[in-house]
A.B. asks: 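Dumping the structure here so I can ask a few things about it.
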Amino acid sequence: MDERRFLLLATFVPVAGFFAVVWLAPILYALGMSLFDNPTGAASFVGVANYADILTSVGFPKYLWNSVVYAVSSTVLSLLVGLGLALVVNQQVRGGNALRTLMIFPYLLPTLVVIFMWKFILDPNLGVLNQYLVQWGVLESPIAFFSTLQWAMPAVVVASVWKFGSFAFFILLARLQAIDPNLYERARVEGASTWQSFRDITLPHLRGAILIILLVRGIWMFNKFDIIFLSTRGGPLEATTTLPIRVYQLAFSEVNFGGATALAGIMFFLLALVAVVYFRAFEPEKEVAN
Amino acid sequence: MFEFGEGAAGSYVSQATQQRVKRTAVVLTALLVAVFVTIPVYVMIAIAVQSPSSAFAGGSVQLFVDSLSFENFRVLLTETSTPRYFFNSIVVTASSTFLSTVIAVAAGYGLTRFDFTGKTLMARAVLFAYMFSPIVLAIPLYVIFYTLGLLNSYFALTLALTAISAPFTIWLMWQYFQTVPIALEESAWVRGASRTRTIWDVVLPVARPGYISAAIFSFAVSWNDFTMARVVMSQDEMYTITVGASLFLDRVSIGWGETMAASLLIAIPPFCIALFLQNYLLQGFNVGGLE
Amino acid sequence: MASPIRLDSIRKEYSAAGNTHVAVDDLTLEIPAGSFTTIVGPSGCGKTTTLRMIAGLETPTAGTIHFGDRDVTDAPPQDRNAAMVFQSIALYPHMSVRENIGYGLKVQGVDEAERDRRIEEAAETLQITAQLDKMPSELSGGQQQRVALGSAFVQDPDVLLLDEPMSDLDAKLKAELRVEVQRLHKELDATVVYVTHDQTEAMTMSDHVLLLEEGELAQFAPPGDLFDHPVSEYVARFIGTPSTNMLPATVEATGDGYVLTDGQFSVPVPGDLFADRVGDDVTLGVRPQYLDRGGGSHGVRVRVDVVEQLGTEYVVHGETTDGSKIDVVVADDAGLATGEDFDAYFEPDDLFVFDDGGDTICHGDALSQSQPA
Amino acid sequence: MASPIRLDSIRKEYSAAGNTHVAVDDLTLEIPAGSFTTIVGPSGCGKTTTLRMIAGLETPTAGTIHFGDRDVTDAPPQDRNAAMVFQSIALYPHMSVRENIGYGLKVQGVDEAERDRRIEEAAETLQITAQLDKMPSELSGGQQQRVALGSAFVQDPDVLLLDEPMSDLDAKLKAELRVEVQRLHKELDATVVYVTHDQTEAMTMSDHVLLLEEGELAQFAPPGDLFDHPVSEYVARFIGTPSTNMLPATVEATGDGYVLTDGQFSVPVPGDLFADRVGDDVTLGVRPQYLDRGGGSHGVRVRVDVVEQLGTEYVVHGETTDGSKIDVVVADDAGLATGEDFDAYFEPDDLFVFDDGGDTICHGDALSQSQPA
Amino acid sequence: LGLGGGGGGDSTIQYLSDRGDSKDVIDDIISEFEDESDYEVEVTYTSKGTSTDAQLQKMKAAGNPPDVVFDTSADAYRYQRDGDAAPVNDTIEGSGLPDPVNVDGDSYFVPTMVEPLMGWYRNDLYDENPTTWETWQSEAQRISENEGLEGYVVQSGQTNNADTSMTQYLWQNDVNIYAGPSDDIEVTIDQGDNEQRAIETYQWVDQMSEYAPNGSGWEWGDAIGALQQENAAAIMSVGGLPVLTIQEARPDLVENLSPTAFPLPDGRSQDKWWAYMEGHVVWDGGDSTDGAKEFVKFFSESERFMDFVLSAPLFQFPPTEEGLNSDAVKDNEVIQQHQDAMDLVRDNWDAFTTVLATGDDGAPNIVAADAYGQQVFGQSTDQMVVGDLSPEETVSWVADELRALQE
Ligand SMILES: Nc1ncnc2c1ncn2[C@@H]1O[C@H](COP(=O)(O)OP(=O)(O)OP(=O)(O)O)[C@@H](O)[C@H]1O
Ligand SMILES: Nc1ncnc2c1ncn2[C@@H]1O[C@H](COP(=O)(O)OP(=O)(O)OP(=O)(O)O)[C@@H](O)[C@H]1O
Ligand SMILES: [Mg+2]
Ligand SMILES: [Mg+2]
């Protein structure tokens, strides 16, 4: 066997095997379970009944809506924060390095710790934010951010943006630094204002990165479980019950594993649909595969 | 803290006002974000290093530390298995980081250097691998690991963690290898170096920023993980720090002080990485910047 | 030991997105052992591709490659004892200059003392001794280029392949290095194949020049031959600056014999070559250097467009009466202003005659016998 | 309206890592309105920096820049009505060729119909009409270069700045574009400043040449002057290929007057220039083209090293008896083999004389009167 | 779909527990047990609350169920219903332990501790212990308006804290949520007099929420935080949990806290007082079932048993009155400091009721167990306080939810 072939096998066989064991097998197993009633007990085959039940259940539209709101708002905000900051750091600001260090830190922190921090800050009783807002007279009494209907989702989103803003930041910063500075200079010589250069040069260059961030981060946030579970458990009054939270509830508190896996299958289908439309419309994998 | 570097290449001609407005806006944004990022961290530290009775004295939270106390850390280290949990975390994080990086390097190299049918399919498969909600994988994975007799092993947790991080690290290395000129390898081949040797002598050293940032990502995933550790590890002495902490933190005897102290300990490795490896990280992100 | 290189009906296709692109087509030639061969041609004509096939970095779609008697068509690059300087320089960014130059030797298992000896020798020749312990990123473009050359030369290869090794240098440095490369070639026992798009390099450095036209061989000959005896209009146009002037003419039979004429001039030509071409359109090629204001046997009227001083000479860009562009090199520009007319004379000796399809019918030496004494 | 450009004591420092590097130093010159000025000099001499200060992309550390009467030293680039072609081409990769060319007009608020008209006009001149709707990545290097030129020309600027706009092109394309650029300059009402490291371009295209030496002005003059009347050894060496030969000599007083001699030759020189230099070492500069094998008033013995064919001519690289390198351009190489000796003659007319410090003492015309009739 | 195979050997007992607090004692008991028998015990700790369920589901799914689970009596009954629990008659018979999960004469649960609900109020703000609905309301109002903090905490949301509180409020007003024997539980909360009483109860809770911090979904710790940070003057919690927690951060505050029973409407008496009963369930059909039974018996009879219970004194109490009066309890330092709380427990011992024992005559009630598992009552408070349902609507919402559980 020649060396080329050997390396080809050496690079792909382990990877393919690995994916087969830790991704494909569990996913197929889970999809299989979604066709059974009580799959972990006295399993009986029910076909797509679990799917039908989930899709027609009262809560489904609401959970879907929550998921979309959460995924979209946290992704878009992360993007905006990351973009703003990347533009700032790209301006050769002194202290930019410190800022970069600062930004990467939240990303590396475990969600558990992030939630501890934010719960502590936003807590109505121990929370520093409430303490100061009340002290300064902004609020009359503390707000329980994680447990009031209108604040719970924003609070979860803020914590998510805090943790994940740097993902967009780093990717965008790298792209910004890859733009040929002569393009800006040419634009200035041609008479373009700062805003025009941003619109006509910066944004088009960031397009690919922005699309990838929206897709990848969006999918991750849609599937995000721990940040919500650890902070609100989906409450209050299901205000933050997203589909993954619902999957957990179905699986572990309602012991409806067929339903849980069916819902996961539906989520997968939805994301795949979004992804396919996305692939068609923007061809972001050209970024990957070019 | 934030000032413009004067006279840098391509810096503006003094267009006084416009310049000043822009500068102010930039510095303000930077400050705002810095504050937004720093405050939670500061609060964590402030609570961690005060004894609970001084942190909460008088019914309000003391953010200005006037007396340092390591009481919280003492409780953690003597009354809980924190050291053991840390050890476990370090073991699985290190091995998963290593495995994920190796897989990413192998796959990334293969994908950029070999042409074969189904490459695009593979590109999409990697992206699609993100799309299945990880929480439902808990039960199937548990079943698989149980069947294989791998529960409560570092090995199984390493695999599971790698499963989460690998799609992204592969994508990253794939991108990165595209920026490593193939001419470097060809020049080594022409000089008589075998492909394998070329990988050691040329490809890996040149790709270092790439795989360091891939490593940092897998570190983040592993160190952050809660779900997979919960799936694989069921014995107390095998818990990772996140699982362990989540358990002892709901004890009656443990309060916010210890919680923040534990958080602070957990935050130390990420902090070191952010401090010392950020340049590599940025370079790693800079895929596409060199093409 | 320098090997001769033989290419037999080499063809290389690339398929991208379903389309097949033929980069090199039916190339057959033999490069003598120890010679210095230059491949030239416009961008995209297949120079690099040819070189890469010789190096073993690409496998030909069809045809065979021999080094001496050995068929290396399918041999991997590692087995060819070749050295190559890449168009992109391709220094290892993580190795010092010394390590870069010595890497090939290290791979071959040459011990360190010997390695250092050879590295230092090469560095001295290339005047980069002071840079030996720097990293590539600390070098200027010209120094990097020399490091790349050094690491190829140091290996004592049988075949030395150089892909535009001077494209990044300014004219002065280029001129200096040109001499160094030729000197090194003399010292080494290697067959050198040198790719360039700069035809001055090709003409001054090599024993043979291979000119490619869209992947096909246009001419393979010593540089003087290419200059003096181009086999086609394409070759005549590509080789030489300013480019060879092309004057349209027709073959006419006169009482005396045959002439090429455009109305102004009328150049007698031998019947054996032109008898059966009467009435055909042909093109006369004449180099700007061979046009003379002073006088000569045949002339064309030129209207001056722009005059450029080119060192000690001047290039007059102008138009003939029928509007084709024409360049004339003159020693001094006395009295030539834009819009002015003058006559440029040429000798049949210096002409090339091309047929409709651009192939050479004959060179000036074939015409000189037909001239009225 | 083309503006004259006046630079007064311009200085530009860069500080990097604590070190201050002076890129341009005390540069004073006036570029006439509507003229074509070329900046030349070796890599790193400050050409781009000077151009960028004129464009407004860098602010001088000291000194002032005027466009006509207007002080633009601190004006932003947007306010200068200049256009610039960058060394790196700098096409917007996400815009089509049409959008690239038209971007400056769009920013200036020119309406679409008018924009399209001007774009198409420029495209026609530059022969890229067929490429208008392609993306820059689909173009060859030469086409990209033409797009960059197009977008500068289309803006009808007062000042047109071109930074090595042809560095990426092969010799043939370069020659073609050179003519086009000159033609466009004639059509436009703009002051053109053109940076290049290729002195052939500088010599052929411009009204004035600015030669820089490590940031300082070496000479600013019409190209012919630079060639014929260099103000220093540096200028004489830099301008002209092959480079001017430098022959060491000493000033001696003889009974008749004064001579410059190295033992082989002895060139009489006027007393007014050399009387107080007796005993000094001087350098004689003589261009390779002015050395003649045939004969002349003074000669040096040359040992042949290498002979290069350069188009219709040959360059003989050799050494004089005292070991200094010497190049001779000859029309044919008949019988010149390596190691052979011959005599190369020159006329005092063609000499430059430089003092110890490299400054010009006089040119050949000053010597010719002293010659024995 | 269950896959067989793998996992712990025949002589390993897998023990699932959420008592991380008592880890040291448990480890001691296990090593004593291991010295005496051929079995090894492998403990999996989970955090309190729902994660035991998650772990159990995974283990069940893999065909690798635990052999012993530490859980509430309500959960034990659910396991029994699903056919997963093994009888532990040996341990119960003659031990004097309560036998809350007795089905057809077989015992399926070995209680180890009791955890009663209990309230704590600020004795420096409340003039006296306000025992009735009316006084609670007026006092809470006074404090909210005058003292700069809220008078009371109303819990709502999908938490155990909220669920137990709401259930207890209903009990205080004699609402019979369910009726019938174990095999025929009927939801009666919206029937007959119950409906009116339930509505009254929700009305009272709604009014009290005016004097409570806003928010829902609070766990036990959140309410305690409100007390600790002086955002509220009284909370309903479980046992001495609040003082144990507050002791650490605000030692100065502890002496201002006094225990109290849940508020009673005028004319009602304290006859049902929510108490968790937690203990061991042995899983049926595993390889180590016999060993598990042995272990459970050993555990209950261990000399360290009292240490286990008292590892969180005042929060956990022994499962028998005899244990309650034992020297170990009397000598416990923490308990001695809070005699008033201890008195409350002693005086109301007979009223302690698990949510499971809410069928006729205290028969096991599977619907109540399931409702607790999904925190239906906690959610009902949310529906009213956060979701703006009227008390009437809330009652019918709860009734619907409960009936849905029966399907
Ligand atoms: N890997 C490839 N895939 C597809 N087409 C290729 C590939 N490599 C080269 N080609 C095409 O083959 C033709 C010849 O390319 P080659 O690189 O040999 O040109 P070249 O003569 O070296 O040009 P240059 O002077 O620009 O370096 C070009 O049209 C090029 O686009
Ligand atoms: N932004 C900068 N920071 C520091 N030094 C610089 C900067 N730009 C240019 N220089 C230095 O200033 C000197 C002049 O540079 P400049 O770019 O003007 O050279 P150039 O004549 O255009 O050379 P080339 O022919 O290589 O383009 C060089 O030594 C260069 O290293
Ligand atoms: Mg090439
Ligand atoms: Mg430059």
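Chain naming here is simple, since letters A, B, ... match the order of the sequence lines and numbering starts at 1 in each.
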A.B. asks: State, without any angle test, whether D:E164 and D:Y194 hold a side-chain donor-acceptor pair at a distance under 3.5 Å.
C.D. replies: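 No, because no side-chain N or O of D:E164 sits under 3.5 Å from a partner of the opposite role on D:Y194.
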
A.B. asks: Just do the side-chain contact (heavy atoms from CB on, under 4.5 Å) check on A:L109 and A:M117 with the steps written out, would you?
C.D. replies: CA-CA 11 Å; A:L109 272 188; A:M117 290 176 172; 3.6 Å; yes

A.B. asks: Would you list the atom pairs, donor with acceptor, under 3.5 Å between side chains in residues 213-226 of chain A and any protein atom, with sequence neighbours excluded?
C.D. replies:
unit_1, atom_1, unit_2, atom_2, d
A:N223, ND2, B:Y130, O, 3.4
A:N223, ND2, B:M131, O, 3.4
A:D226, OD2, A:T111, OG1, 3.2

A.B. asks: Just checking, is any N or O donor in the side chain of D:T20 or D:E13 under 3.5 Å from an acceptor N or O on the other one?
C.D. replies: no

A.B. asks: Sub-4.5 Å heavy-atom contacts with chain A: which residues of residues 95-105 of chain D show up?
C.D. replies: D:M95, D:N100, D:Y103, D:G104

A.B. asks: If the condition is side chain to side chain contact (heavy atoms under 4.5 Å, CB included), which residues does A:V72 pass it with, not counting sequence neighbours?
C.D. replies: A:V68, A:V76

A.B. asks: Name all residues meeting the side chain to side chain contact (heavy atoms under 4.5 Å, CB included) criterion together with A:V15; count only those two or more places apart in sequence or in a different chain, and write none if there are none.
C.D. replies: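 A:F19, B:I103, B:A107, B:I170.
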
